[in-house]
Amino acid sequence: MIIKPEFLKKNYNTELDFILEELVVAYGNHFKGFIDALAESHKTTNGETKQKLRDKFQLEEWEINLLYEKLLKDGYIKSLEPLSITHDGLVFRNNGGYIQKNINLGLENRRIQNLENISKKNECWMVVLTAVLAIGTLIASCYYAIELWKYYHPHCHL
């Protein structure tokens, strides 16, 4: 039995959504006039977010860096320095983020599974119907073959 390290068992969706939420709040505060200097707000956001991640989720520095890289790769943050959210990141977070994305994937997988099950049932019924139709056609062709035989050979009786 292979024992996986603890970090391989985590999916980090909650942590990713937490980072996005922190960036959304910082973005909103910037435009509400609570933070004057944009560059300073990004530095504060980056440091505060890292500290909150350490405190709330007990994450190591390398885990936080991987989360940032994931967000950067997915296009939800502009850059790591200064740390700022993209428009796609805002929209993605407002639509539920990574947790909702996983829920939607699960629902979609169940829907696909249901469609496959229905398709298999329909396929089975189509085979049965085709077999019944083939048997009926065979019986009809035998009947008409006998009738044609009788018509062209009236002196022979079957």
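At a threshold of 4.5 Å between non-hydrogen side-chain atoms, the residues R93 and Y76 do not count as touching. For the pair L59/Y12, a side-chain contact is recorded, criterion being any heavy-atom separation below 4.5 Å from C-beta on.
One finds the CZ atom of R54 at 10.5 Å from the OG1 atom of T49 (value rounded to the nearest 0.5 Å). Here the CG atom belonging to L67 is positioned 10.0 Å from the CG atom belonging to N13, to the nearest 0.5 angstrom. Rounded to the nearest 0.5 Å, atoms CD1 (I146) and OG (S141) are 9.5 Å apart. L148 CG to Y143 OH: the interatomic distance, rounded to the nearest 0.5 Å, is 10.5 Å. Rounding to the nearest 0.5 Å places CD1 of I19 at 11.5 Å from OG1 of T14. Once rounded to the nearest 0.5 Å, the distance linking CG of N114 with CD1 of I118 reads 6.0 Å.
For K78, there are no side chain to side chain donor-acceptor pair (under 3.5 Å) partners, not counting sequence neighbours. Partners of Y68 according to the ring pair (Phe, Tyr, Trp, His ring centres under 6.0 Å) rule, which considers only residues two or more places apart in sequence or in another chain, do not exist here. The side chain to side chain donor-acceptor pair (under 3.5 Å) test applied to D55 returns Q51, not counting sequence neighbours. Remark: E15 pairs with no residue by the side chain to side chain donor-acceptor pair (under 3.5 Å) rule, at least two apart or across chains. Under the side chain to side chain donor-acceptor pair (under 3.5 Å) criterion, D74 pairs with K70, Y98, not counting sequence neighbours.
Of all non-hydrogen atoms in E61 and K50, the two that sit nearest each other are OE2-NZ, 2.9 Å.
Connection of I99 to L107 is established within a shared hydrophobic cluster, with ILVMFWY side chains joined at heavy-atom distances below 4.5 Å, either directly or through further cluster members. Tracing side-chain contacts under 4.5 Å through hydrophobic residues (I, L, V, M, F, W, Y), one reaches L20 starting from L80; they form part of the same cluster.
Applying the side chain to side chain donor-acceptor pair (under 3.5 Å) test to every pair with at least one member in residues 103-112, sequence neighbours left out, gives these pairs: Q100-N104, E108-R111.
Remark: the backbone N or O of L115 is not paired with any side-chain donor or acceptor of S119 at under 3.5 angstrom.
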